[in-house]
Student: 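Handing you a structure now.
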Amino acid sequence: MRLIIRDGPEEVGRYVGNYIAKRINDFKPTAEKPFVLGLPTGSSPIPTYKHLIGLVNKGELSFKNVITFNMDEYVGLPRDHSESYHTFMFREFFSYIDIDPNNVHILDGNAPDLVAECAAYEATIKAQGGIELFLGGIGEDGHIAFNEPGSSLSSRTRIKTLAYDTILANSRFFGGDLSKVPRMALTVGVATVLDAREVVVVVTGQRKSVALSKAIEEGVNHLTTLSALQLHPWALIAVDEDATAELHVKTVKYFKSLERVQEEVERNKANLNENASSVD
Ligand SMILES: N[C@@H]1[C@@H](O)[C@H](O)[C@@H](COP(=O)(O)O)O[C@@H]1O
C-alpha cells in the first residue's frame, strides 16, 4: 500500500485527479475496451472531481469510453432527492464531463427487489470485465462505501443498515435532522472493492485521522473496513496533513521518504530513456 501526503484537500484532489487521468489516458480506452471506474460520493472526492472536470474542459481527458459504477446509494430516498447519491453524482461531476449517461451505473435504492438489484449490480460489474480502478472515501469510523464496522471482509453488494455514527455524520446533509437520514443503504461489499485491479482512497481532515491510523498502522480488522486494503496488491491512500494527526511521526516520515525514492527512480528512468534516444 502506498500513502501519499499532501498539504490540504485541494492538493490531494489535484494529485488524485492527475493520477486517475493518467491511468485512463495510458489505458487508451475505446468503445470495445472501455475503462471501468468505481466512484464514491461524499465531500472528500469533490476536489478530485473538480480537477477532473478541469482536465476534461482543457481537452486533456475524456470520459467518452469510461464506464462508471458508484459505491452506494441510500434506500428509499427518491432518486431526484437533493441528497440521493444519484443527484450528487450528476450535480458534482457527471453533468460537467463528456460521459455517456448510459455508461453510468448507480444502485437503485428504490428497486422493488433490493436483493435482486444488488445481485444484478455485481453481475454487471463482472460482465464489464471488472473494475479497473475503484476510487473511494471513508467514514469517520473507517468504513469504505457503506461497509460499516463489523462488515464481512468478504462481503459483496448488499443492503446494509447504517451505523448510528454514520447517521449522525450524514445528518449534516439533511439540515441536521437525524430523522430525515435514511437508515439503510445499498453498498458494494469490501470484496467488491478488493476485486478492483487498483484501489485509490481519499482521506482528508482531522476527523478521519483515528480511522486512518487504525487502517494502516494496525492489522486487518472488520471494525475498520478500510484496513482490508492491506490485502490489496495495488492500493493507494491519498491524504492531507490533517488526516495524519493520529499517525506515528515515523509512519509519516517513512511514507514521505518512500515517495522521494520513487521520484528519484522515475527521474533516473526518464534520464536513461532520454540518453538512449539521443544515442539513436
Ligand atoms: N457512504 C459514504 C462513503 O462512501 C463516504 O466515503 C463517506 C464519507 O463522506 P465525506 O467524504 O463527506 O466525509 O460518507 C458516506 O458514508
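One-based numbering, in listed order, for ligands and for the atoms of each. Quick caveat: nothing in here was measured; it's all calculated off a predicted structure.
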Student: Below 4.0 angstrom, N of the basic side chain to O of the carboxylate: do R23 and E132 qualify?
Tutor: yes
Student: Return yes if some donor-acceptor pair links the side-chain N/O of D98 with the main-chain N/O of V56 below 3.5 Å, else return no.
Tutor: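 No.
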Student: Select all protein residues for which some heavy-atom-to-ligand 1 distance is less than 4.0 Å, and list them by chain and number.
Tutor: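 The answer is G42, S43, S44, D72, Y85, G137, I138, H143, A145, F146, N170, R172, R207, K208, counting any residue whose heavy atom sits under 4.0 Å from ligand 1.
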Student: Are F88 and F94 near enough that their ring centres are under 6.0 Å apart?
Tutor: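 Ring centres of F94 and F88 not closer than 6.0 Å.
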Student: Keeping the roles fixed (side chain from H105, backbone from T68), state whether a donor-acceptor pair exists under 3.5 Å.
Tutor: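 Between the backbone of T68 and the side chain of H105 there is a qualifying donor-acceptor contact (under 3.5 Å).
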Student: Salt-bridge test for E148 and R158: reply yes if a basic N is under 4.0 Å from a carboxylate O, no otherwise.
Tutor: no
Student: Would you call D195-R156 a salt bridge at under 4.0 Å N-O?
Tutor: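 A salt bridge links D195 with R156.
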